[in-house]
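Here's the structure, in structure tokens; my notes come after.
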Amino acid sequence: MSLVEITSRIRAAEEKNGRISGSVSLIAVSKVQPNERVLSVLNLGHRVFGENYVQEAADKWPDWRTAFSGVSVHMLGPLQTNKARQAVELFDAIHSVDRPKLAKTLARLAQERGACPELFLQVNTGAEPQKAGILPSDADGFIAECRSMDLPITGLMCIPPVDEEPSLHFALLAKIAERNGVDGLSMGMSDDFEKAIAFGATHVRVGSAIFGARDYSAR
Ligand SMILES: *Cc1c(COP(=O)(O)O)cnc(C)c1O
């Protein structure tokens with residue numbers, strides 16, 4: 001358990017890169033973690049969490065939102081259109097908006113509810129066939145399309161290919177955001193969040209470095 005260590009490394013990276021202290025938000029990625037590990041991080045006062053699966057989040061977070069005030073839960077995993085309604089009810093932010101069909105559904109739900117979670121558009125910076133996200137060459141058009149639907153675009157998100165230097169991908173995402181006037185950058189995980197901060201990350205998504213390794217067999 002090292003929330004304190006990760007937080008202090010984030011503060012150090014902010015300082016080193018001339019960023020305002022506290023300007024990088026830490027999303028503690030609690031997917032697949034045993035409840036007692038998540039509870040101990042809640043008890044330390046941390047309030048921003050990330051999940052990948054709608055059903056898992058629905059099982060865990062409504063109770064914890066009642067027990068702890070100020071909780072914010074971010075959806076990080078691929079989102080099926082038929083789960084969009086449940087997702088907008090459960091999450092404060094969705095980082096995986098990756099296609100026009102999903103954007104249209106979210107826009108309709110936002111109209112209907114008069115509210116919308118914060119949205120991050122996922123860019124497949126490595127153009128990997130198995131990975132979600134809009135291709136870099138389609139990103140400007142997709143951002144414009146989402147804006148034309150009045151969707152609130154908080155930022156862009158990427159997951160770099162595992163076997164490549166992440167800095168190139170962080171730089172690419174930052175460039176796409178800058179030329180489109182998008183402020184938020186959701187990038188950086190346990191192994192590379194300090195690099196991401198150097199490239200302008202506003203939200204880092206850190207799981208195993210806080211909670212320990214995930215045991216998928218226990219699900
Ligand atoms: C699981 C996950 C993370 C956290 O990964 P760690 O390597 O455990 O820090 C971050 N972002 C996304 C999109 C994830 O799916």
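Note that these values count all heavy atoms, side chains included, but never hydrogens, waters or copies made by symmetry. In listed order, ligands and their atoms are each counted from 1.
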Here the gap from Cys146 atom SG to Leu102 atom CG, rounded to the nearest 0.5 Å, amounts to 8.5 Å

Verify side-chain hydrogen bond (donor to acceptor under 3.5 Å, both in side chains) between His169 and Thr125, making sure each step is shown before the conclusion. CA-CA 6 Å; His169 297 271; Thr125 55; 2.9 Å; yes

Heavy-atom proximity to atom 10 (C) of ligand 1, best of Met189, His74, Met187, Met75: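 Considering heavy atoms of Met189, His74, Met187, Met75, the nearest to atom 10 (C) of ligand 1 sits in Met189.
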
The option among Gly50, Ser208, Cys158 carrying the non-hydrogen atom nearest to atom 7 (O) of ligand 1 is Ser208

Residues [X], [Y]: salt bridge by 4.0 Å N-O rule:
| X | Y | result |
| --- | --- | --- |
| Glu51 | Lys60 | yes |
| Glu178 | Lys175 | no |
| Glu14 | Arg9 | no |

Can you tell me the protein heavy atom closest to [atom] and the distance?
| atom | result |
| --- | --- |
| atom 9 (O) of ligand 1 | Ser190 OG, 2.5 Å |
| atom 5 (O) of ligand 1 | Arg214 NH2, 3.8 Å |
| atom 2 (C) of ligand 1 | Lys31 NZ, 2.5 Å |
| atom 13 (C) of ligand 1 | Ile159 CD1, 3.6 Å |

Any N or O of Gly207 that comes nearer than 3.5 Å to an N or O of ligand 1? yes

Please confirm whether the backbone N or O of Ser167 pairs with a side-chain atom of Glu165, one donor and one acceptor, at under 3.5 Å?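 Yes, because the side chain of Glu165 sits within donor-acceptor range (under 3.5 Å) of the backbone of Ser167.
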
By number and element, which atoms of ligand 1 are closer than 4.0 Å to a non-hydrogen atom of Val206?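 Close to Val206: 9 (O).
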
Which of the numbered atoms in ligand 1 are under 4.0 angstrom from any heavy atom belonging to Arg205? 4 (C), 9 (O), 10 (C), 11 (N), 12 (C), 13 (C)

Given salt bridge (Lys or Arg N to Asp or Glu O under 4.0 Å), test Asp92 with Arg65 step by step and report yes or no. CA-CA 12 Å; Asp92 302 280; Arg65 280 186 194 276; 2.8 Å; yes

